[in-house]
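Report on the structure given below.
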Amino acid sequence: MSTVVLLTITGLGLAALYFLVASGLSLIFGLMGVLNFAHGAFLTIGAYGTWWASDHLPGAGSTGWGFVLAVVFGVAVGTAVAALIELALIRPLYERHIEQVLVTVGLSLALVALVRATWGADPHPFPRPEWTQRTTSVLGANVPNDRFLLIGSAVVVLVAVLAFLRFTRFGLIIRAGVENRSMVTALGIDVRRAFTLVFAIGGAFAALAGALGGIYLGSISPGQGTSLLIFAFIVVVIGGMSSITGTAVAAVLVGLVQQFANYYAASGVGDLSVVLLLAAVLLARPSGLTARLA
Amino acid sequence: MNRISLRRLVPLVVFAVLAVLPYSTLQLPGLFDGVLNSPGTLQLLALCLIFGGVALSYDLLFGFTGLLSFGHALYFAAGTYAANLALTELGWGLGAALALTTAVGIVLPLLVGAVALRVSGIAFSMVTLATAQVGSIIVLQDPGGLTGGEEGLALDRDQVPDAFVGVLNTVNLYWLALAYLVLVYVVVTWVTGSRAGKVWQAIRENEGRVEVLGLQPYRFKLLVFVIAGLLAALGGITHLLLLGGSTPRTTTSDFTLGLLVMVVLGGAGSRWGAVVGGVLYTYLDSRLTDLANSPAVQDLPGWLRVPLSEPLFLLGTLFILVVFFVPGGIAGLVDRLRERRAGRRSGGGGPAPGRVVEQLREQVGAGLGGANPRDGV
Amino acid sequence: MSGTVTPPLLRMSDVHVRLSGSHILQGVDLTVRRGGVTALLGRNGAGKTTTVKAVLGLVPSTGTIEFTGSDGRNQRLSGRRTHEIVRHGIGYAPEDREVFGGLTVAENLTLAERRNSPHHHDRVYELFPELKQRSRQLAGTLSGGQQQMVAIARLLLNDNQLLLIDEPTKGLAPLLVAEVAEVLARAAEEVTILLVEQNLTVVRRMADDAIVVDQGRIAWSGPAPELMADADRTRELLGVATTGGHA
């Protein structure tokens, strides 16, 4: 029983990371039709930004509010990089999706290489507030606290993004744009501003995932974002390509399947099961990739 | 002798030059460290030729048919690991290993393609990415100690003909790589000129119209997927012989992205463009790595040394610049220069070779933005 | 009216559109005068919808498209982005309504509020009381006629100078056709309408001028009654008998 509880909570923690990366991907894809390969780099930048800030930024550190400040710094850097990339490199290629995807591919290679060039290819130990290392007993299982931090953050982000989409004018524009981009422009709305916004939001979530992933894994390395990105892509496809709630459900599904199969079958089987899950979903509903944002 | 037939001779001339190149003791300072027929230089050239061929096999999918696969690495890796297992683990001869690789190179893309091609646009890209990831996971998990995990798998050379073993025989491996490239080039030339090739082009330009004509795009796409996969698998076995082992690096998504970069760099939809892209990328990757480790760069101030020390940073940046400023890559550039010299604009005919990315905008773009079916007329 | 020298509201000169290798508009020249309803007619696939989309910048085009609003300033629309074109006071109701099915009726209208115009929610709800009752319903769950009301309501919400309306009566029951025509006729008292329409009964009732597109070119233009009165010409240009309802 305690194993099941531990696996479930750990799976949900992993799902939280997937959701943070995948929600931004699906917002960007849904609104702009761009598959953002640079998203993994945003994650890496967030992780390294937090790590750097905890050592160098005045007031920041690896405990308490100092750590919160370090994370805020990492997220801010990720957000700024994402917004700048949209403005400088994606926007000039407006509506040219293939080229936009190619540019994000180039960015994913170049940005990760730059991080590697600057801080080396080897993993760095990540600053972790001490309480995240302790465990809490849940139904007889000793669950590390960082799992709760991951899950809590993802839930807050999910609620915030749903509220944003539901109650703000930008949210309205994004929901409408996902459905029919050209009709939004035909109503006199400059939909490109929403593009920059979703890139910034996606960059912020990915950077947050980078910081949280650093806590979860205990260390950071330049390639981390890319390996997480592939599973985030799978989550996005299973979740329906452009639906936030769909993405959340798919993230939970993928996180749990992966944890349980890796534990009960063999290491690596979980990863394979996720791919099989993707194939099954696509075969069952090839056109079922709905485009409703809710 | 008019210009057209002259142009047809170019590949033959290039082939002849490449074939006799190992007899040259030319020294090209800056370009290569040793003389042209030194083993080190021949090894690098052979690697370039192999990736020229693999890039062309990928172009068959992306440039000629408009299929944006993110999993082409899988077939290349399958080729090197299947052949390696046959030679090293099973102790088969090279002929049997080649037969096994061919079988794997047909069956694997057939299975994956049969599933992946049921969806189109970005979903197709994602399924190919995910299946390639399966390959990567399996190789890294090292099931039964068969793949060697992260360490890779060294080739047991006992089963390899002596002509392909040893530093002194690098020249034979060079010729083997050249033969592989020629094979890919001939096959691609042949199939793209065939009836199926015309259908692939039609699929790239407007898949709906192909269906209206009563043809099943699915079958044609599966055919091109299998041909491209097989050619990549054969590239894998050549790569294995050249390097004397299999490395898990060939299974990663970064490896496929590298192929995409090569093709776009050289010119998607152009045969020679893709080959040049593959050769150039491989050459730059190798030379930039040497450059990064050279004292000239190591002595530079930090802000210059750091970016210069990462070939992938330079290649990624170069790639973005090409996408922005050189649409159609090298082939597109040559095409435009030729048009300008001829003093006329290209007529109504088909898309100029190498410039299909521009042409693909509408088609695949619409596929990518699948959420928006009403963007059209 | 025809004797005035004021520039036309909309002028297209030598407009070409190429899409997916097809040459859809092959040098369209047309003018829409200020006031009243101009019907844009033609067989299926003649290029009516593409003409409208070219005005809005929704398809890439070459040639010149000019708009002279009530301020008397001549604006070049060609080459501008869709949202900039629309902000000159041009409303668009597309062929398939294209209301946002995942948004409520009220959200559809809120989205359509243009910043540079007053918003007439009262006028809209007065014209379509049904929309007020259904304001919290998802537009995707409305009937075709109700969706058309939302599409038209989006046009009348803002102050516009030109409405581009593409087949508003397509697929509607006869009673609804009459209702839509009534609303558009009332709107036409205040704003110029360029109306793509297959239903010749509606054309006959509303249109002042008519423009016929055929194979990507303008085949005829002039007063609508003149075209409607000429049965042979109508059959030749539109492939329908003038007595018919739907084409």
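Protein chains get the first letters and strands the later ones, always in sequence-line order, with residue 1 at the start of each. Only this structure's heavy atoms are used, side chains among them; waters, hydrogens and symmetry mates stay out.
Here the OG1 atom belonging to A/Thr104 is positioned 9.0 Å from the CD1 atom belonging to B/Ile320, to the nearest 0.5 angstrom. To the nearest 0.5 Å, atoms CD1 (A/Ile98) and CG (B/Leu68) are separated by 5.5 Å.
Counting heavy-atom pairs closer than 4.5 Å to chain A, the top residue among B/Leu315, B/Leu257, B/Leu314, B/Val322 is B/Leu257. Among B/Leu312, B/Val115, B/Leu129, the residue with the largest count of heavy-atom pairs under 4.5 Å with chain A is B/Leu312. Contact count versus chain B (heavy atoms, under 4.5 Å) is highest, among A/Ala279, A/Ser227, A/Gly106, for A/Gly106. Per-residue counts of heavy-atom pairs under 4.5 Å with chain B were compared for A/Leu107, A/Leu111, A/Ile234, A/Val236; the largest is that of A/Leu107.
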Go through A/Asp271 and B/Gln133 one step at a time and tell me if the side-chain contact (heavy atoms from CB on, under 4.5 Å) criterion holds. CA-CA 9 Å; A/Asp271 303 4; B/Gln133 188 64 14; over 6 Å; no

Test side-chain contact (heavy atoms from CB on, under 4.5 Å) on B/Phe319 and A/Leu102; report intermediate values, then the result. CA-CA 8 Å; B/Phe319 177 64; A/Leu102 294 179; 3.9 Å; yes

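If you measure heavy-atom distances from A/Thr226 to chain B, the contacts under 4.5 Å come from the side chain alone. Contact of A/Leu93 with chain B is made through the side chain alone, with heavy-atom distances under 4.5 Å. With a threshold of 4.5 angstrom between heavy atoms, B/Val306 approaches chain A through its backbone and through its side chain. Looking at A/Ser108, only its side chain comes within 4.5 Å of chain B, counting heavy atoms on both sides. Only the side chain of B/Ser253 comes within contact range of chain A, with at least one heavy atom under 4.5 Å from a heavy atom of that chain. Within the 4.5 angstrom heavy-atom criterion, only side-chain atoms of B/Leu260, from C-beta onward, approach chain A.
The two residues A/Leu35 and B/Met126 make their nearest non-hydrogen contact at CD2-CE, 3.3 Å. Residues B/Ser309 and A/Ala117 share a closest heavy-atom pair of OG-CB, 3.8 Å. Contact detail for A/Ala110 and B/Phe313: the closest heavy-atom pair is O-CD1, 3.3 Å.
Heavy atoms from other residues, nucleotides or ligands lying under 6.0 Å from OH of B/Tyr218 number more than 12. Residue-environment remark: CZ (A/Arg192) exceeds the threshold of 12 foreign heavy atoms within 6.0 Å. The environment of B/Glu211 atom CD is dense: over 12 non-hydrogen atoms of other residues, nucleotides or ligands sit within 6.0 angstrom.
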